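To start, the structure under review is shown below, and the notes come after it.
Sequential numbering from 1 along the given sequence is applied to the chain's residues. Just so it is clear, the structure is predicted and the values come from calculations on it, not from any experiment.
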Amino acid sequence: GMAGAAARGPLPFLLPFLLPSLLLLPGTSAEPELRFRPPAEAPVRLFTEPELARYAGQQGGPGGRCSAPRPGRRGLLPWRSEGQPIYLAVKGVVFDVTSGKEFYGKGAPYNALVGKDSTRGVAKMSLDPADLTHDTTGLTEEELKSLDDIFNNVYKAKYPIVGYTSRRILNEDGSPNLDFKPEDQPHFSIKDEF
């Protein structure tokens, strides 16, 4: 019993000294932790090609299959497509280009680029279906430089990143690509996008 009492004894006396340091600890350790928290809260979203194709800004959803007018339900369709975001991928990075509807929406000049990774088309400034691919083989140095300029100064600057194509995140065999690093986009608040 004696040892127990002795152990209990000094605690109330030490408490005032212990308290400030206890209170400080969470505060100090929270600082660096906060810096690393955002990636965990905003998990990287992976898009397969069929998933990306759903966001092509076509009325009525996937591949525009429902765009034939259906009697009686027609009123619903345009509204549904209004609410559907428009996504486009460049260099495996999926951007939400909905705010650029007048460029990327149905019937708009660059609608051919959306719902897929159009890296080659962006590099060559081409809407030729053969160029609407992720494949950059054989591009000239000038085209690659143009691609980087447009990627950084147009897409990354104007449109929030919503995810990455599986080709960017995974290796050919489906294993995670260890070199993958999410793009930095500090001027957008990511939490609204996920």
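- Under the ring pair (Phe, Tyr, Trp, His ring centres under 6.0 Å) criterion, Phe103 pairs with no residue, sequence neighbours left out.
- The list of salt bridge (charged side-chain N to carboxylate O under 4.0 Å, His left out) pairs with a residue in residues 128-142, not counting sequence neighbours, reads Arg120-Asp131, Lys124-Asp131.
- Taking a cutoff of 4.0 Å between a charged side-chain nitrogen and a carboxylate oxygen, Lys91 and Asp148 qualify as a salt bridge.
- Note: Leu52 CG to Leu46 CG = 10.5 Å, rounded to the nearest 0.5 Å.
- In this structure, the ring pair (Phe, Tyr, Trp, His ring centres under 6.0 Å) partners of Phe95, at least two apart in sequence or on a different chain, are Phe151, Tyr155.
- Salt bridge status for Glu49 with Lys116: absent, with no side-chain N to carboxylate O gap under 4.0 Å.
- Looking at heavy atoms from C-beta onward, Phe47 lies out of side-chain contact with Tyr164 at the 4.5 angstrom threshold.
- Considering only heavy atoms from C-beta on, Val94 stays 4.5 Å or farther from Ile161 through its side chain.
- The main-chain N or O of Tyr159 is found under 3.5 Å from a side-chain atom of Gln185 such that the two form a donor-acceptor pair.
- Here Thr98 contributes atom OG1 and Leu88 contributes atom CG; the two are 10.5 Å apart, rounded to the nearest 0.5 Å.
- No donor-acceptor pair under 3.5 Å is formed between the side chain of Asp96 and the backbone N or O of Pro160.
- Interatomic distance, CD1 of Ile169 versus CG of Asn177, reported as 9.0 Å (0.5 Å rounding).
- In terms of modelled atom types and a separation under 3.5 Å, the side chain of Asn111 and the main chain of Lys101 share no donor-acceptor contact.
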